[in-house]
2 protein chains.
Amino acid sequence: MDEIDELLSIRAAELYYEENKTQDEIGQALRLTRWKVGRLLAQAKQRGFIRIEILHPRARRLPIERRLREERGLTDAIVVSTAGVHTPEELQERTAQAAADYLTALRPVPRTLGVSWGRTLFEISQHLRSGWATGVNVVQINGGVSLNRRPGTAAATAVGIAQKGGGSATLLPSPAILERLATKEAIESDRVVAGVIELARSADAYLFSAGAADHNSVHVESGYLSVSDVDVLVQKGAVGDVVGRYIDSDGNIVDPALDARTVGLTLDELRASPLAIAVVAGQAKHAVADAVVRSGLCSVLVTDEATALHLLDG
Amino acid sequence: MDEIDELLSIRAAELYYEENKTQDEIGQALRLTRWKVGRLLAQAKQRGFIRIEILHPRARRLPIERRLREERGLTDAIVVSTAGVHTPEELQERTAQAAADYLTALRPVPRTLGVSWGRTLFEISQHLRSGWATGVNVVQINGGVSLNRRPGTAAATAVGIAQKGGGSATLLPSPAILERLATKEAIESDRVVAGVIELARSADAYLFSAGAADHNSVHVESGYLSVSDVDVLVQKGAVGDVVGRYIDSDGNIVDPALDARTVGLTLDELRASPLAIAVVAGQAKHAVADAVVRSGLCSVLVTDEATALHLLDG
DNA sequence: CGCCGTCGTGCTCATATGAGCAGGATCACC
DNA sequence: GGTGATCCTGCTCATATGAGCACGACGGCG
């Protein structure tokens with residue numbers, strides 16, 4: 001009886017979803033009462049035979065968002081659908097767009113927004129629309145005077161977000177990582193730098209991404225770390241970095257000495273914030289994303305479906 | 001206005017399909033009237049943002065079946081869904097199952113059923129249930145005394161279909177292809193063979209598959225043709241074979257001399273039948289499937305979604 | 001053999017949804 | 001600036017669907 005009911009529910013589903021027949025019509029066709037048809041359809045859904053997908057770059061996965069909030073204790077979660085995505089770039093774009101949307105809809109509008117920099121942040125800045133806010137002051141939360149070929153990306157990110165939000169940007173004029181601890185301490189005690197960091201600490205909200213601990217890292221690209229530095233970090237358990245600080249899968253600093261030479265907000269300062277928005281997407285970042293969420297580095301997470309499911313698996 | 005409506009329709013779809021909210025509730029959430037929500041949802045569907053799939057081995061694609069009937073003039077078409085299929089074997093199995101289902105449901109039940117043989121037919125015979133019919137006589141319609149390692153597969157197919165249908169099988173005791181024309185003529189004039197072919201001509205319905213013209217062909221495997229024979233046929237335009245007869249993309253015999261040495265029903269005899277059921281599935285058979293349907297070799301086609309779409313493309 | 005619990009069935013009634021229509025805003029064109 | 005066509009909106013009303021319930025069949029168990 002179960003076998004035949006299963007088949008009937010499939011036949012009914014075909015007529016209902018593909019042929020747009022009413023349950024009554026299906027009943028006539030299959031010689032069933034319309035109530036039976038309704039039950040078969042409910043069964044088909046419940047057993048997972050029916051899959052409904054929303055195919056759109058802006059589509060989100062609300063049930064997964066809910067699970068992230070409930071099971072991972074996030075204040076909010078934005079999960080973009082991966083349906084129909086073929087390239088990592090597309091995924092990245094969808095996520096950046098979603099982050100921009102989230103910022104735009106954010107109430108109350110933060111007066112001061114602390115931001116990190118990197119590929120993800122840059123893309124978010126590009127997806128924001130002019131007038132997304134009125135009068136947001138943007139402040140960099142980690143060092144970012146860029147050494148690489150595309151100088152000013154970090155600056156362009158912060159400035160872009162600020163301009164489109166009708167405010168101004170405060171840049172942190174410092175490298176991300178210094179070679180010597182003494183230099184780092186010296187630079188942090190510089191009046192301007194200290195002032196910027198102070199401002200960063202007072203931000204209403206933070207927006208940052210995370211990097212994977214691999215050779216494509218922005219730190220390698222920017223010249224702050226060498227390929228072998230990264231290898232060593234991985235050796236020590238690093239899964240990625242947040243605002244330039246490398247963490248292991250529990251969210252702990254992997255290399256305290258290195259960390260001491262890194263300029264910007266500390267991770268605990270980030271954790272203390274009531275509104276820390278992390279934007280992390282892509283296969284390569286599953287491990288960091290997990291560390292970020294587990295160790296409470298963010299209160300809001302913007303990510304993709306595959307990454308979200310990875311977080312919920314463990 | 002269109003941009004924003006599109007976004008709204010996606011938000012509405014998320015709430016409707018993923019969160020099971022009513023259109024009214026969605027209206028409250030998005031500050032819209034419920035009629036507007038209904039229209040947005042309709043729009044999302046109509047623009048193709050909503051994809052509903054039935055994930056089940058027995059699922060069929062009724063809209064595609066309809067198109068095949070209407071645009072390709074078939075009496076009937078059965079198209080199995082490819083959703084969730086990963087291997088060609090799985091596809092083959094689904095299609096065989098569907099063919100078995102079709103036979104089982106066929107009314108009026110044919111008294112005499114002509115069948116070919118091959119991997120597909122064998123699988124269909126395995127998927128049929130005992131008692132699928134009461135008293136069907138099965139007759140082979142093309143030569144099939146097997147030369148290969150698995151002798152009797154052809155016989156097992158016909159016998160299996162007959163036994164499960166409560167009838168008996170009549171085998172055609174002849175090779176598929178003879179080496180010399182004279183031998184073929186001699187064997188066809190044999191009283192028994194002639195009788196079987198006569199019976200085959202009188203069948204109420206035919207069930208057959210088609211083979212691709214490649215090195216995996218059953219004819220190569222059985223030793224009736226060599227690999228180079230097949231290459232030559234392909235050279236001459238062959239896309240595959242039906243009941244052992246190789247055809248080009250228009251359904252015409254590719255090599256009349258070879259055809260004359262092939263034992264069994266002719267293609268025109270098949271075309272004349274009011275109920276000729278072809279079962280053809282898989283990427284490799286797209287070209288033959290096309291030839292079969294275009295040249296009217298079958299009145300009923302059982303196939304998979306990808307093949308069906310290929311047929312409808314041209 | 002009879003009893004009771006369980007399950008599936010077909011109903012009533014409440015609710016959700018879709019079709020069709022009238023009024024009003026918008027826009028191009030005169 | 002007037003005027004008509006067009007589109008959009010929010011309605012009424014008909015229909016489709018889902019929730020809950022009472023009945024009867026079935027099967028296990030005393």
Side-chain angles (χ1 to χ4, degrees), chain A residues 1-56 58-63 65-66 81 83 101 105 129 131, chain B residues 1-56 58-63 65-66 81 83 101 105 129 131:
Chain A
M1 270 299 160
D2 213 6
E3 160 85 28
I4 174 168
D5 257 25
E6 181 167 327
L7 246 133
L8 274 177
S9 74
I10 297 302
R11 297 287 149 254
E14 286 160 2
L15 293 166
Y16 193 70
Y17 292 108
E18 303 215 307
E19 299 285 74
N20 297 314
K21 304 235 184 216
T22 70
Q23 297 185 3
D24 213 354
E25 288 173 310
I26 297 169
Q28 285 180 272
L30 302 179
R31 298 160 170 271
L32 300 167
T33 63
R34 71 186 181 78
W35 296 284
K36 178 75 180 170
V37 173
R39 278 166 191 141
L40 286 172
L41 287 171
Q43 218 177 2
K45 252 192 200 165
Q46 185 250 314
R47 294 207 214 173
F49 296 155
I50 312 297
R51 174 161 75 196
I52 302 183
E53 279 180 328
I54 304 174
L55 292 168
H56 194 281
R58 307 286 271 266
R60 284 163 48 189
R61 303 301 321 278
L62 306 187
E65 295 181 356
R66 190 215 319 282
S81 164
D101 289 347
R129 300 208 159 195
Chain B
M1 271 299 159
D2 214 5
E3 161 86 27
I4 172 167
D5 257 23
E6 182 168 326
L7 261 174
L8 274 177
S9 73
I10 295 303
R11 298 284 150 258
E14 287 161 0
L15 294 165
Y16 193 70
Y17 291 107
E18 303 215 307
E19 300 284 76
N20 297 314
K21 303 238 185 213
T22 70
Q23 297 185 5
D24 212 354
E25 288 174 309
I26 297 169
Q28 287 180 273
L30 303 179
R31 298 161 171 271
L32 300 167
T33 63
R34 72 186 181 78
W35 295 284
K36 177 77 179 169
V37 173
R39 279 167 189 137
L40 286 172
L41 252 21
Q43 216 177 5
K45 254 193 198 164
Q46 185 250 316
R47 293 208 214 172
F49 296 155
I50 312 297
R51 175 161 74 196
I52 302 183
E53 278 180 328
I54 305 175
L55 293 167
H56 194 281
R58 308 286 270 265
R60 284 163 48 189
R61 301 301 322 277
L62 305 187
E65 295 181 357
R66 191 215 318 281
S81 163
D101 289 348
R129 300 209 159 193

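Below, chains carry the letters A, B, ... as their sequence lines are ordered, and counting in each starts from 1. As the structure is a computational prediction, the values presented were derived from the model and not from experiment. These values consider heavy atoms only, across backbone and side chains, with no hydrogens, waters or symmetry-generated copies.
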**Request:** May I have the distance from B:L41 (atom CG) to C:dG18 (atom C1'), rounded to whole angstrom?
**Result:** 12 Å
**Message:** Measuring to OP1 and OP2 of C:dT17, would you say a side-chain N or O of B:Y16 lies under 4.0 angstrom away?
**Reply:** yes
**Asked** Do the side chain of B:R39 and the base of D:dG10 come within less than 3.5 angstrom through a donor-acceptor pair of N or O atoms?
**Response** yes
**Request:** Quickly work out the A:L15 CG to D:dA16 C1' distance and round it to whole Å.
**Result:** 16 Å
**Message:** How many whole angstroms separate atom CG of A:D24 from atom P of D:dA14?
**Reply:** 18 Å
**Complete:** Taking every heavy atom of B:Q23 against every heavy atom of B:G38, the minimum-distance pair comes out as OE1-CA, 3.3 Å
**Message:** How many whole angstroms separate atom CZ of A:R31 from atom P of C:dT9?
**Reply:** 17 Å
**Asked** Hey, is the side chain of A:K36 poking within less than 4.0 Å of OP1 or OP2 on C:dT9, counting only N and O atoms?
**Response** yes
**Item:** C:dT15 phosphate, OP1 or OP2, under 4.0 Å from B:Q23 side-chain N/O
**Value:** no
**Request:** Take the protein atom CG of A:L40 and the nucleotide atom C1' of C:dG10, then report the distance between them rounded to whole Å.
**Result:** 14 Å
**Message:** Taking A:D5 first and then A:K36, would you say they form a salt bridge - that is, a charged N and a carboxylate O separated by under 4.0 Å?
**Reply:** yes
**Request:** Provide, to the nearest angstrom, the distance between the CD atom belonging to A:Q28 and the P atom belonging to D:dA16.
**Result:** 11 Å
**Prompt:** So, B:R47 and B:E6, do they make that salt bridge, N to O below 4.0 Å?
**Reply:** yes
**Request:** Rounded off to whole Å, could you give me the CG-to-C1' distance for the A:L32 and C:dG10 pair?
**Result:** 13 Å
**Asked** What are the two closest non-hydrogen atoms of B:A59 and B:I54, and how far apart are they?
**Response** CB-O, 3.6 Å
**Asked** Which whole-number value in Å describes the distance from A:Q43 CD to D:dG18 P?
**Response** 14 Å
**Prompt:** Between A:R34 and A:E25, is there a salt bridge with N-O shorter than 4.0 Å?
**Reply:** no
**Asked** Ignoring hydrogens and angles, are the base of D:dT12 and the side chain of B:W35 linked by a donor-acceptor pair under 3.5 Å?
**Response** yes
**Prompt:** Between B:R34 and A:K45, which is nearer to the 5' end of DNA chain D once each is assigned its nearest nucleotide?
**Reply:** B:R34
